[in-house]
*Asks:* 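Dumping the structure here so I can ask a few things about it.
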2 protein chains.
Amino acid sequence: MGHNPRPALHHPTLETVLVTAVLHALSDETRLSIVRTLHAEPDGRACGTFPVNVAPSTLSHHFKVLREAGLIRQEDRGTQRWTMLRVREVDARFPGFLDAVIAATEVASVRF
Amino acid sequence: MGHNPRPALHHPTLETVLVTAVLHALSDETRLSIVRTLHAEPDGRACGTFPVNVAPSTLSHHFKVLREAGLIRQEDRGTQRWTMLRVREVDARFPGFLDAVIAATEVASVRF
DNA sequence: GCCTTCTTTCGAAATGTATCGAACAATACC
DNA sequence: GGTATTGTTCGATACATTTCGAAAGAAGGC
């Protein structure tokens, strides 16, 4: 019998995620910071390389919330898990929304 | 000595509210429904007339959250409290954000 | 095989949130 | 003054969320 590869990650279609789920996912300071970082790096980055101040297990929890809200896509590359923002798909379902949120956080001298 | 009028409601300047507070305020189904109703009625309406399925005390709690997030303005008119969406101010601080959220909820056959 | 690296899952604890009913305040009207 | 009408505050409860450390799983290199 074969080996047991990592379970496939679930990436919901944007049509099936609730508006409230997206808003809730972004209403946390740490998760919003993750989305900001990803927005500035279209190629994505590995999970462990985000500049956040939480434990790895907590970070993993936040990625799950973002993934289930349809905001990020993750794939395995060797031992690390790559994370990308689903810009196209989010913008197709919520036109202008992501840009407006990012822009709101980029005003000088404003804390999230 | 005089009577004791209702305490003045606090309406924070949009510059002082956190982005996460606005997102959190809108991430609740009942509150999002209130904002949708107000968006369709620029003149505002009285607190008790919103089509929601919660007790008056719960509704009062939701108005407080929306008010402290800078999303609504309330003023007393006789025995009732009038509520309006702060469209201009919200749009000045978060350009395009409110419209994007409202539009996202107006897609046919989509639940919040 | 063994060890390192990266990430997740599993409790567990602390905190926050939505909800209600009962009681209270303020205004308007009689 | 008395009585409705309208909303808020308070206490209590149930549930959700954020957080961590410890343990485990999977891939890669030795």
Side-chain angles (χ1 to χ4, degrees), chain A residues 1-11 18 20-35 38 44-69 72-84 112, chain B residues 1-11 18 20-35 37-38 44-69 71-84 112:
Chain A
M1 313 299 266
H3 46 156
N4 220 17
R6 292 196 203 173
L9 293 171
H10 182 230
H11 295 101
L18 298 176
T20 47
V22 175
L23 292 164
H24 172 254
L26 294 173
S27 72
D28 177 88
E29 197 188 323
T30 301
R31 290 193 292 262
L32 185 52
S33 154
I34 290 170
V35 169
L38 286 173
R45 56 158 71 198
C47 283
T49 69
F50 285 81
V52 294
N53 294 322
V54 294
S57 54
T58 304
L59 188 54
S60 190
H61 158 69
H62 286 310
F63 280 125
K64 185 179 182 186
V65 174
L66 288 170
R67 203 175 58 236
E68 291 177 349
I72 63 172
R73 182 176 298 280
Q74 296 185 299
E75 67 184 39
D76 292 331
R77 297 188 183 176
T79 65
Q80 46 189 19
R81 180 160 284 184
W82 211 257
T83 304
M84 288 157 292
F112 306 165
Chain B
M1 314 297 268
H3 46 155
N4 220 14
R6 294 196 201 171
L9 293 170
H10 181 231
H11 295 101
L18 297 176
T20 48
V22 175
L23 291 163
H24 172 254
L26 294 173
S27 72
D28 177 89
E29 197 189 322
T30 302
R31 290 193 292 262
L32 185 52
S33 154
I34 290 170
V35 169
T37 300
L38 285 173
R45 56 158 72 198
C47 282
T49 69
F50 286 81
V52 294
N53 294 321
V54 294
S57 54
T58 303
L59 188 55
S60 190
H61 157 69
H62 287 310
F63 280 126
K64 186 178 182 185
V65 173
L66 288 169
R67 203 174 58 236
E68 291 177 349
L71 290 166
I72 63 173
R73 183 176 297 281
Q74 296 186 299
E75 66 184 38
D76 291 331
R77 296 188 182 176
T79 64
Q80 47 189 20
R81 180 161 283 185
W82 212 255
T83 304
M84 289 157 290
F112 306 165

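Reckoned from all heavy atoms, side chains included, excluding hydrogens, waters and symmetry mates. Numbers restart at 1 for each chain; the letters A, B, ... are given by sequence-line order, proteins then strands.
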*Asks:* Quick one: B:I34 CD1 to C:dA18 P, roughly how many Å, whole number?
*Replies:* 11 Å

*Asks:* What are the atom names and distances for every N/O pair under 3.5 Å that joins the protein to nucleotides 17-19 of chain D?
*Replies:*
| unit_1 | atom_1 | unit_2 | atom_2 | d |
| --- | --- | --- | --- | --- |
| D:dT18 | OP1 | A:R31 | NH1 | 3.4 |
| D:dT18 | OP1 | A:R31 | NH2 | 2.8 |
| D:dT18 | OP2 | A:R31 | NH1 | 3.3 |
| D:dT18 | OP2 | A:H61 | NE2 | 3.1 |
| D:dT19 | OP2 | A:H62 | NE2 | 2.5 |

*Asks:* Mind listing the closest non-hydrogen atom pair of A:I34 and A:F63 along with its distance?
*Replies:* CG2-CE2, 3.9 Å

*Asks:* Whole-Å distance between D:dT8 P and B:F50 CZ?
*Replies:* 11 Å

*Asks:* A:T58: which residues meet the side chain to side chain contact (heavy atoms under 4.5 Å, CB included) condition with it, sequence neighbours left out?
*Replies:* A:V54, A:A55, A:H62

*Asks:* For residues 20-29 of chain A, run the donor-acceptor check on the side chains, cut-off 3.5 Å, and write out each pair with its distance to 0.1 Å, sequence neighbours left out.
*Replies:*
| unit_1 | atom_1 | unit_2 | atom_2 | d |
| --- | --- | --- | --- | --- |
| A:T20 | OG1 | B:F112 | O | 3.0 |
| A:S27 | OG | A:H24 | O | 2.8 |
| A:D28 | OD2 | A:T30 | N | 2.9 |
| A:D28 | OD2 | A:R31 | N | 3.1 |

*Asks:* Quick one: salt bridge (Lys or Arg N to Asp or Glu O under 4.0 Å) pairs with a partner in residues 47-64 of chain B, sequence neighbours left out?
*Replies:* none

*Asks:* Grab the CZ-P distance between A:R81 and D:dG28 for me, whole Å please.
*Replies:* 14 Å

*Asks:* Please enumerate all residues that pass side chain to side chain contact (heavy atoms under 4.5 Å, CB included) together with B:R73, with sequence neighbours excluded.
*Replies:* B:H11, B:R86, B:E89

*Asks:* Which residue lies toward the 5' end of DNA chain D, A:L59 or B:C47, if each is placed at its nearest nucleotide?
*Replies:* B:C47

*Asks:* How close or far is atom P of C:dT8 from atom CG of A:L66, stated in whole angstroms?
*Replies:* 12 Å

*Asks:* Specify the separation, in whole Å, of atom CD of A:Q80 and atom C1' of C:dT8.
*Replies:* 15 Å

*Asks:* Think A:S60 has a side-chain N or O under 4.0 angstrom from the OP1 or OP2 of C:dT8?
*Replies:* yes

*Asks:* Send over the distance from B:H10 NE2 to D:dT9 C1', rounded to a whole Å.
*Replies:* 19 Å

*Asks:* Nearest whole Å is fine: how far is C:dT17 C1' from B:L26 CG?
*Replies:* 16 Å

*Asks:* Run the side chain to side chain donor-acceptor pair (under 3.5 Å) test against A:E68 and tell me which residues pass, sequence neighbours left out.
*Replies:* none

*Asks:* Separation of A:K64 atom NZ from C:dT9 atom P, in whole Å?
*Replies:* 6 Å

